[in-house]
Structures are given as C-alpha cells and as structure tokens.
Amino acid sequence: MKPFRYARADDVTGAVALLAGSPNGAFLGGGTNLVDLMKLDVATPDLLVDVRRLTSDQVEELPGGGIRIGAATPNSELAAHPLVRGRYPVLSQSLLSGASGQLRNLATAGGNLLQRTRCVYFQNVTTPCNKRDPGTGCSAIDGYHRELAILGTSSECVATHPSDFAVALAALDATVHTEGPAGARRIPMAELHRLPDGEPHRDTVLAHGELITAIEVPALSFGTRSRYRKVRDRASYAFALVSVAAAVDVADGTVRDVRIALGGVAHKPWRATRAEELLRGGPAREDRFRAAAEAELAQARPLPGNAFKVPLARNTLTRTLLDLVDGPA
C-alpha cells in the first residue's frame with residue numbers, strides 16, 4: 001500500500017472542497033471495498049477524506065410514504081429497519097444477500113453503490129485492464145469471463161457491477177442525492193451508473209469530489225409484493241452470477257404494474273424495461289413471464305464462457321415473478 005494523507009472535514013461542503021483540490025484523492029466511508037483495492041495497488045489515492053460522520057445514518061419516513069436513507073447508514077441497520085422490511089422487502093433481501101455480517105456492520109448505504117467491479121483482471125495489476133488503466137486492453141474478453149457481463153458490453157470492457165442493493169434500488173426508481181463542486185444534484189438510480197462504452201474506467205456519472213449524501217425511495221403501493229433472488233456459486237459471501245429484483249401488482253389475474261432489474265449481467269444494474277412493457281396489462285402466467293424475459297435478453301451478447309447466463313437469467317426472472325404472483329400479497 002502506498003503512502004497517503006488522511007483528513008477529516010467538519011461538514012459535507014468542507015469534504016467536497018478538500019477532495020476537489022486533490023485530483024487523486026478519494027472519499028472514505030466504511031472502506032470495505034476501497035481499502036482492499038489499496039492493498040492490491042489497484043487504487044492509489046494520495047488523500048483519503050473521511051466522510052463517515054458527515055452524512056445521516058438514519059432512515060426517515062417521507063410525507064408521501066417513501067423513505068430517505070442517509071448515506072452513512074450501515075447496511076446491517078438498513079436491512080433490519082422496520083420501514084424497509086415492511087414496505088420494501090426487496091431492499092432488505094438484497095442487503096442481506098451481500099457480504100458477511102461483519103462487513104454489513106461497517107459498509108454504508110452510499111458506499112455500497114460505489115463498489116468497483118470484482119473482475120479478476122481489474123484486481124490484478126500485472127494484467128491489461130481498460131477499467132484500471134485506460135487504453136491497455138481488456139484481458140477478460142479472451143480470458144476468464146465466466147462471471148462477467150452479457151448485456152450492454154463494449155469491445156473495451158465486459159465487467160459487471162457487484163452491488164445487490166443497487167439492483168433493488170434501480171427496480172424501485174430510487175433517486176440518489178449528491179453534493180459536489182457544482183452544487184447539489186438528484187440523480188435517478190437508473191442513471192447513476194454507466195455502461196462501459198468508450199470510457200470503461202468511469203463507473204458512474206459522478207464528478208470528482210461529488211459525494212452521495214442520501215438515497216430517496218418513492219412510495220410504491222405494491223412494494224410489499226417484492227423480492228430479490230440471487231443466484232451464485234455458493235450460498236454465502238459470493239457475488240451474483242445473476243440476480244433479479246422485482247415487484248409486481250396483480251389483480252384478477254392481470255399484471256397491472258411491474259418493476260424489474262437484473263444484476264450480475266451488466267456494467268450497471270440493468271432495468272428490464274422491455275420485459276416490464278410486455279407484462280403490463282397482460283395475464284400473470286408463466287408463459288408470459290418467460291416470453292418477457294426472453295425479449296429482454298434478446299439483446300444479450302454473451303462470450304463463450306458466460307453464455308449460460310442467458311438461460312439462467314431467463315429462468316431466474318420467470319421463477320421470481322411466479323413466486324411473487326403465487327405468494328402472499
């Protein structure tokens with residue numbers, strides 16, 4: 001690990017100013033991902049600005065029925081919060097499916113969204129990686145890519161975004177609040193992360209020195225009928241091969257509304273808008289669920305080593321929707 005400076009600011013404005021003046025600096029929250037990358041020399045910040053105590057660590061109920069999550073809220077506390085468990089089971093389930101209990105105690109809601117990819121080439125500084133070192137190439141395309149992306153890839157990167165929580169937030173149309181050098185912003189969750197395109201090293205649309213301060217989840221009348229299903233190689237402490245976050249509103253056998261996002265398949269949480277459009281107003285039947293999943297995945301461009309993800313995603317989405325329709329409201 002290379003030497004670095006450590007600083008604490010008195011408030012969010014001060015933290016943003018500190019980092020804006022240090023082009024190679026980084027914010028430090030729980031540190032559960034950043035510190036690992038620093039140990040591997042993947043991340044080499046010369047300044048760490050501690051923001052753990054600068055934003056709220058509380059979950060607040062909003063007047064319209066939604067919730068506001070402070071960026072410093074520990075994942076473990078967020079997953080157990082009565083408002084989250086009662087109104088948005090998909091959020092609680094997504095958090096509990098990630099990491100270990102010890103890491104969830106330390107990791108924060110804001111930091112969870114900013115995890116870097118777990119691609120083995122990104123984490124190995126002896127190999128070419130456009131995400132780590134732009135312009136050097138993507139070793140995964142012709143190398144080991146079993147866990148990597150099948151949707152929204154480019155010739156420069158096939159990495160996946162690892163956060164489970166971000167997938168659930170994308171399905172719920174959450175909004176991320178930030179404070180940066182240019183002032184405050186509200187960013188729709190579906191627009192926070194980027195596809196690789198020509199700049200795979202940029203994970204998000206955030207500017208340097210822009211800090212996530214809160215996450216707002218709007219009210220959703222059928223949020224109680226929601227679920228997060230994660231398919232992985234082992235039952236604990238593993239990243240998703242494929243995951244599904246879904247919420248469904250069904251009346252008299254008809255899908256009145258539905259929200260779906262996929263994880264483990266793209267450079268960002270993948271909002272399944274094609275599938276949603278096909279399902280709304282139609283019968284809540286298995287054949288319709290499967291057809292909608294197939295339509296969403298028609299744009300998949302898998303590599304030889306991860307082609308299995310296409311049927312895996314189709315079957316996981318179909319099964320999740322069936323369980324939601326057949327289960328209690």
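Numbers for residues simply follow the sequence, beginning at 1.
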Donor-acceptor pair, distance only, cut-off 3.5 Å: does the side chain of [X] make one with the backbone of [Y]?
X      : Y      : result
Thr73  : Ile69  : no
Thr117 : Thr160 : yes
Asp133 : Cys129 : no
Ser243 : Gly263 : yes
Thr127 : Asn124 : yes
Arg232 : Ser97  : yes
Arg288 : Leu278 : yes
Thr108 : Ala72  : no

Original post:
With no hydrogens and no angle check, do the side chains of Thr175 and Glu216 hold a donor and an acceptor under 3.5 Å apart?
Top reply: no
Original post:
Regarding Ser163 and Asn112, is there a side-chain donor-to-acceptor distance under 3.5 Å anywhere?
Top reply: yes
Check [Y] with [X], please: is the shortest side-chain N to carboxylate O separation under 4.0 Å?
X      : Y      : value
Arg314 : Glu296 : no
Arg225 : Asp249 : no
Arg118 : Glu147 : no
Arg146 : Asp233 : yes
Glu276 : Arg280 : yes
Glu191 : Lys268 : no
Arg52  : Asp50  : no

Taking all non-hydrogen atoms of both residues into account, name the closest pair between [X] and [Y] and its distance.
X      : Y      : answer
Lys230 : Tyr228 : CB-CE2, 3.9 Å
Asn24  : Thr44  : ND2-O, 2.9 Å
Arg194 : Thr204 : CD-O, 3.3 Å

Can I get a per-line list of side-chain donor-acceptor pairs under 3.5 Å for residues 14-23, giving both atom names and the distance, sequence neighbours left out?
unit_1: Ser22; atom_1: OG; unit_2: Asp46; atom_2: OD1; d: 3.1

Subject >> Contacts of Lys131 that satisfy salt bridge (charged side-chain N to carboxylate O under 4.0 Å, His left out) - sequence neighbours left out >> reply: Asp203
**OP:** Would you sort out whether Arg229 and Arg319 count as a side chain to side chain contact (heavy atoms under 4.5 Å, CB included), showing the intermediate values?
**Re:** CA-CA 9 Å; Arg229 175 173 265 124; Arg319 183 72 259 170; 3.7 Å; yes
**OP:** From the options Val42, Asn33, Leu34, select the one residue that forms a side-chain contact (heavy atoms from CB on, under 4.5 Å) with Arg116.
**Re:** Asn33
Subject >> Identified side-chain contact (heavy atoms from CB on, under 4.5 Å) partner of Thr178 from the options Leu192, Leu206, Thr213 >> reply: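 Going through the options one by one, the only one that passes is Leu206.
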**OP:** Determine whether the aromatic ring centres of His161 and His193 lie less than 6.0 Å apart.
**Re:**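 So the answer is yes for these two rings.
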Subject >> Under the side chain to side chain contact (heavy atoms under 4.5 Å, CB included) test, residues paired with Val120 that sit two or more places apart >> reply: Tyr144
Within-4.5 Å side-chain heavy-atom neighbours: [X] and [Y]:
X      : Y      : answer
Leu220 : Asp173 : no
Ile212 : Phe27  : no
Phe4   : Leu47  : no
Leu303 : Ile150 : no

Subject >> Asn306/Leu241 under side chain to side chain contact (heavy atoms under 4.5 Å, CB included): CA gap, chis, key distance, verdict >> reply: CA-CA 9 Å; Asn306 64 9; Leu241 292 171; over 6 Å; no
**OP:** Report the C-alpha separation of Arg259 and Arg271 in whole Å, then their side-chain angles, then the decisive distance to 0.1 Å, and conclude whether the side chain to side chain contact (heavy atoms under 4.5 Å, CB included) test is met.
**Re:** CA-CA 8 Å; Arg259 308 288 176 81; Arg271 184 66 183 269; 3.1 Å; yes
**OP:** Nearest 0.5 Å please: distance from the CG atom of Leu195 over to the CZ atom of Arg202.
**Re:**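 That separation rounds to 12.5 Å.
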